[in-house]
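This report refers to the structure that appears directly beneath it.
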Amino acid sequence: MTVPPRLSVVVPLHGGEEHAEECLESLRDQTLDDLEVILAGRPRGVRPPDHRFTLLTLGDGGDDPGTARNAGAAFATGRYLAFADPGSVVPADAYRALVGALDHTGSDLACGRIRTWTPHATGAAVKAREFLRTHITRHPKLLDDPRAGGTVFRREFWNRHGFAFPAGLGEDFPVTIPAHVLSTSADVLGEVVCLTRGSRPPTDPLRRLRAMLEVSDLLRRHAPELRTAYDLRLAEGPDLEAVLDAVRDRVPDGLAEALGRLDPGALERLPVLRRLRIHLAAHDMTGELAELRMFAASEIRHRGVLRRGLRRRRWYLDYPFRRDPRLPRSLFDASRDLRLVACVDDVRHTDGRLVLAGHAYIAHLDSGRSRIELWLQRGEERITLQVRRTSRPDVTADSRQSVACHDDSGFETVVAIDALPSGRWALHARVRARGVTRAGRALGASGERVFDAGNVRVSLTRDRGLTLGPRADDGPHLDSAGQVSTARRTESGGQVSAVRWSESGELVLEGTGPCPGGRIVLERGAERHSWPVRRDEETWTAAIGRTAEGLPLRSGTWRVLALSPAGGDERVRLSPAVIADPPRPRVTGFHEVSVRTSRDGDLSLAVRPALGPHERGPYATRRRRAAAPRRTALRNAAVFDSYGGGQYSCNPRAVSEELARRHPDTEIVWVTRDGQFAVPPGVRLVLYGSREHEEALRTSRFVVANRRTQPGWYRKPRGQTVVQTWHGTPLKRLGLDLEGMPYAQRVPRDELARQVATWDLLLSPSPFATSALRGAFGYEGEILESGYPRNDVLFDPARARAARRRLGLTGDRRVILYAPTWRDDDAAGVLALDPVRAAGALGDDDVLLVRAHYLVARDMAIPNGDRIHDVSKFPDMADLLAAADVLVTDYSSAMFDFACTGRPMVFFAPDLERYRDEVRGFYFDFEDEAPGPVLRTGDDVLDVLRHGDLGPFAARYERFARRYCPWDDGHASARVVARMRP
């Protein structure tokens with residue numbers, strides 16, 4: 001008779017899991033050797049490590065983890081049952097400890113701690129407190145991490161309740177939480193019993209939400225004391241938000257009723273907007289839900305609180321349906337929205353003291369007559385701090401709302417290091433304003449700093465705020481005299497001992513110790529720039545200024561690295577002295593640059609447009625609208641804006657250059673959002689949203705743009721002419737025509753109407769485009785069918801030759817331009833055609849230019865070489881089209897421009913049906929009219945490029961050009977300028 005094993009472990013496999021071998025090795029090495037491991041699903045290519053491993057191959061559904069787990073559980077013979085993910089690692093003693101606890105206590109299940117896997121992680125972490133024979137009602141933290149990977153179930157208990165993982169969900173909580181609730185007792189061990197590589201692939205939000213609501217109903221029946229906390233987490237979570245965002249004509253079946261059963265105590269703790277959305281969905285008020293969705297997208301930042309009531313006056317948010325008798329008034333109670341916002345923005349060590357600066361206010365309430373109290377707290381002990389109020393208009397600017405003024409929310413205080421009692425202290429704040437009091441711990445701003453001042457470790461982090469504790473012996477610190485002390489550091493590319501600004505606006509890093517590389521590298525996503533390092537015997541220096549393209553760093557946070565001779569990167573770190581007293585933010589050109597560090601002292605640079613507090617944010621917009629003069633004298637000037645200030649390109653560029661040629665007395669002003677392009681001599685650049693931008697828009701006779709990008713404060717003066725050039729013939733639906741396309745990004749109707757009302761002239765390249773643009777924008781004004789000014793260069797051979805020279809291309813090479821559009825449902829912007837594979841498959845005389853769409857290009861890494869050129873940052877797409885011999889695209893409007901050349905086009909559209917029917921929608925039958933082959937695989941594209949005969953498409957190509965670009969002849973810019981200035 002065969003004795004069953006003590007433990008059965010089920011591992012779901014569908015083949016190809018990257019780390020499955022490491023998982024199986026960890027199971028093979030368990031010190032509990034009386035176990036069986038069932039590899040369930042479709043374990044293709046998996047070799048069982050020893051006789052204890054059994055392959056259970058499934059048919060339909062074998063690729064689904066839930067189905068595979070359930071099949072494995074039914075097949076198992078052990079007294080206990082466990083589940084391991086193929087991406088996890090189980091420490092050697094984990095199952096012995098879990099099974100041993102169950103043998104000892106008789107509990108129904110046992111679990112331990114789960115940690116994220118790292119290359120150096122083991123199960124040997126500091127042991128936490130254990131709880132034997134406990135229950136989830138006495139240990140509510142079990143709700144926080146309901147993964148099955150760290151749990152062992154008593155098999156009899158599992159079978160008695162018929163537990164099963166939902167198919168197609170890939171989640172554990174529908175089993176683990178009910179198991180804890182229905183158990184007689186559970187054992188919670190302090191050891192790490194599972195190392196996991198993080199999150200699983202995302203699942204359908206509606207399916208996950210339904211499973212969460214089922215768990216909520218189970219808690220209502222069996223553990224009502226847990227339900228409030230669980231329902232609050234459900235109501236605040238992203239799944240409910242995603243489902244409510246997707247509701248259109250009706251709420252999904254059964255969801256309204258389930259939402260109506262959510263715990264009232266949980267709903268009371270929600271902000272008003274979420275409370276309202278849940279109430280409307282629970283009562284199937286889909287029209288009102290849609291209106292509220294539009295309100296949240298555009299108007300919510302402009303609505304504040306109202307005080308109402310005769311005896312007990314309360315604050316309510318002025319949101320839609322506030323006066324609707326169908327909705328209870330309590331839905332609009334603002335108590336939860338009137339939250340404390342308290343932040344320590346800076347801390348510096350000087351003369352034995354810590355000088356703190358920050359801000360504190362109550363959301364939605366003005367700070368003008370507020371009172372701020374600060375104290376350090378350790379347990380029940382408090383040290384009151386003296387508060388000096390400061391002016392902080394930047395806080396209002398960054399608050400993302402236009403109603404409440406927080407200019408007076410700033411504070412400064414001083415902590416005497418020598419007088420601070422030993423222990424760990426945290427900074428707390430209390431704000432009183434308009435009869436409301438809020439108190440809590442002050443958090444930290446962006447960037448984190450840890451340094452030692454005297455015997456005190458100063459830590460300023462985003463999540464914990466400011467904490468003061470005993471100095472660590474191995475950390476960076478200053479002694480009481482302010483001298484730098486040597487600290488143990490992790491591997492780095494050198495330590496920066498001084499940071500300063502040069503007169504020319506360069507950031508100069510001066511370092512001591514090793515700097516192994518010859519260059520300092522700044523990295524943000526896929527974008528990298530580098531500068532040389534100058535060395536002498538003991539120090540090194542690097543000056544960070546403009547990039548190799550002659551442009552400033554774009555906005556964002558840049559990691560600072562040292563490039564080693566071997567080609568690797570190492571973080572550059574600040575010395576303790578600089579961490580304790582970093583340089584202040586500096587405005588250079590169009591940007592403000594701030595020095596930031598991590599908890600380990602890693603150096604980063606935060607770059608943002610240099611807009612002052614009265615120039616940025618919704619509050620500034622409202623003030624500027626109110627202060628705008630009613631009448632203004634116009635100057636002989638024209639303001640140009642391409643892609644919201646992102647480029648010097650497209651139709652605005654062509655019109656700008658033609659206007660400068662024909663009317664040199666006209667002042668030309670270009671708007672830049674991030675300083676990422678250069679302009680010809682004599683052209684003035686202004687920063688988008690700045691006072692200079694405002695003045696130019698208010699006083700210029702002409703405004704020319706190719707998108708709906710005018711700022712919210714813009715009010716068109718009398719006599720000004722606004723020319724909307726747009727930026728392509730529309731294949732894809734636009735504006736008002738996007739209704740019913742759930743993935744498309746829409747402009748709110750009122751904002752679209754506001755922008756369109758300012759247009760005096762809309763350019764069109766064809767009668768087809770005229771009809772499409774009128775309907776999409778609801779535009780009834782003048783349209784000039786001029787052809788597209790940006791296509792004039794396609795009729796100029798000299799421009800094509802100049803573009804090729806700039807790209808370093810010889811005249812005898814065939815130039816293939818791959819320029820796909822972007823997907824509204826794919827923020828990552830993955831290229832469908834692999835450029836490396838494509839370049840390798842093409843001929844030796846071919847060169848592939850890859851132009852990622854500007855909305856996703858900055859986050860993509862495209863290799864450069866002799867046969868591949870990343871031209872995503874090339875200033876103007878028109879020049880690339882002029883230089884190209886062949887265009888490969890998908891649904892981009894570049895096809896209409898390139899049709900002017902008569903050169904061949906190939907269309908790579910692997911997602912045609914989804915893009916056409918779900919994501920964006922088309923204005924005509926693309927497959928029927930495309931002036932070239934529409935292909936579904938990369939291999940087909942490469943075959944056509946190498947051997948294809950595009951002659952059969954000649955007639956279709958001619959019809960396409962005749963319909964969509966009939967007026968393009970190289971003189972469109974002249975026609976537009978003649979209309980602007982007859």
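The residues of the chain are indexed from 1 along the displayed sequence. Since this is a predicted model, take the numbers as computed values, not measurements. These values consider heavy atoms only, across backbone and side chains, with no hydrogens, waters or symmetry-generated copies.
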Legend entry - Heavy-atom side-chain contact between R701 and E667 under 4.5 Å: no

Inset, instruction - State which residues pass side-chain contact (heavy atoms from CB on, under 4.5 Å) with Q755; sequence neighbours excluded, sorted by chain then number. - result: R708, Q710, E751

Legend entry - Donor-acceptor pair between R981 and N636 side chains, under 3.5 angstrom: yes

Legend entry - Electrostatic pair E692-R684, nearest N-O below 4.0 angstrom: no

Legend entry - Given Y648, F702, W670, the one that forms ring-ring contact (aromatic ring centres under 6.0 Å, His included) with F640: W670

Legend entry - Electrostatic pair R673:D641 at N-O distance under 4.0 angstrom: no

Legend entry - Within-4.5 Å side-chain heavy-atom neighbours: L509 and L603: yes

Inset, instruction - For D536, enumerate each residue passing the salt bridge (Lys or Arg N to Asp or Glu O under 4.0 Å) test, keeping only those at least two apart in sequence or located in another chain. - result: none

Legend entry - Pairwise distance NE2(H853) to CE(M877) - rounded to 0.5 angstrom: 9.5 Å

Legend entry - Residues D394, R616: salt bridge by 4.0 Å N-O rule: no

Legend entry - SB check D885 R804 (cutoff 4.0 Å): yes

Legend entry - Residues that F874 engages under ring pair (Phe, Tyr, Trp, His ring centres under 6.0 Å), provided they are two or more places apart: none

Legend entry - Distance-only polar pair, side chains of T588 and W501, donor-acceptor under 3.5 Å: no

Inset, instruction - For the pair E658 and R661, find out whether any cationic side-chain nitrogen is under 4.0 Å from an anionic carboxylate oxygen. - result: yes

Legend entry - Counterpart residues, side-chain contact (heavy atoms from CB on, under 4.5 Å), relative to D870 (two or more places apart): I862, N864, S872

Inset, instruction - Any chance you could lay out the side-chain contact (heavy atoms from CB on, under 4.5 Å) test for H869 and L809, step after step, and finish with the verdict? - result: CA-CA 10 Å; H869 289 198; L809 303 176; 3.7 Å; yes

Legend entry - Salt bridge R573-D602, side-chain N to carboxylate O under 4.0 Å: yes

Inset, instruction - Check step by step if side-chain contact (heavy atoms from CB on, under 4.5 Å) holds for L849 and V815. - result: CA-CA 7 Å; L849 308 183; V815 178; 3.4 Å; yes

Legend entry - Minimum-distance pair of heavy atoms, taken over all atoms of A839 and L848: N-CD2, 4.3 Å

Inset, instruction - Check the pair D876, Q647 against side-chain contact (heavy atoms from CB on, under 4.5 Å), reporting the backbone distance first and the verdict last. - result: CA-CA 8 Å; D876 199 336; Q647 299 179 9; 5.8 Å; no

Legend entry - Pair R653 + E657, salt bridge at N-O below 4.0 Å: yes

Inset, instruction - Tell me, please, which residues at least two apart from A654 pass side-chain contact (heavy atoms from CB on, under 4.5 Å). - result: P789, S973

Inset, instruction - Working to the nearest 0.5 Å, report the span between CD1 of I668 and CG of L659. - result: 4.5 Å

Legend entry - Y643 six-ring centre to R707 NZ/CZ under 6.0 Å and within 45° of normal: no

Legend entry - With L553, the side chain to side chain contact (heavy atoms under 4.5 Å, CB included) member among H529, R524, Q676: H529

Inset, instruction - Could you check if a side-chain atom of T541 sits within less than 4.5 angstrom of a side-chain atom of V508, using non-hydrogen atoms only? - result: yes

Legend entry - Pairing residues for T672 by the side-chain contact (heavy atoms from CB on, under 4.5 Å) criterion, not counting sequence neighbours: F590, F677, L685

Inset, instruction - Answer yes when K873 and E549 have at least one side-chain N-carboxylate O distance shorter than 4.0 Å, and no when they do not. - result: no

Legend entry - Test item: side-chain donor near acceptor, S604 and T557, under 3.5 Å: no

Inset, instruction - Would you indicate whether the side-chain heavy atoms of L522 and W531 approach each other to under 4.5 Å? - result: yes

Legend entry - Note: D581-R348 ion pair, threshold 4.0 Å (strictly below): yes

Inset, instruction - Starting from the C-alpha separation in whole Å, work towards a yes-or-no answer on side-chain contact (heavy atoms from CB on, under 4.5 Å) for R790 and N706. - result: CA-CA 11 Å; R790 70 183 186 185; N706 68 347; 5.9 Å; no

Legend entry - Test salt bridge (Lys or Arg N to Asp or Glu O under 4.0 Å) applied to D569 and R559, R528, R519, the passing residue: R528

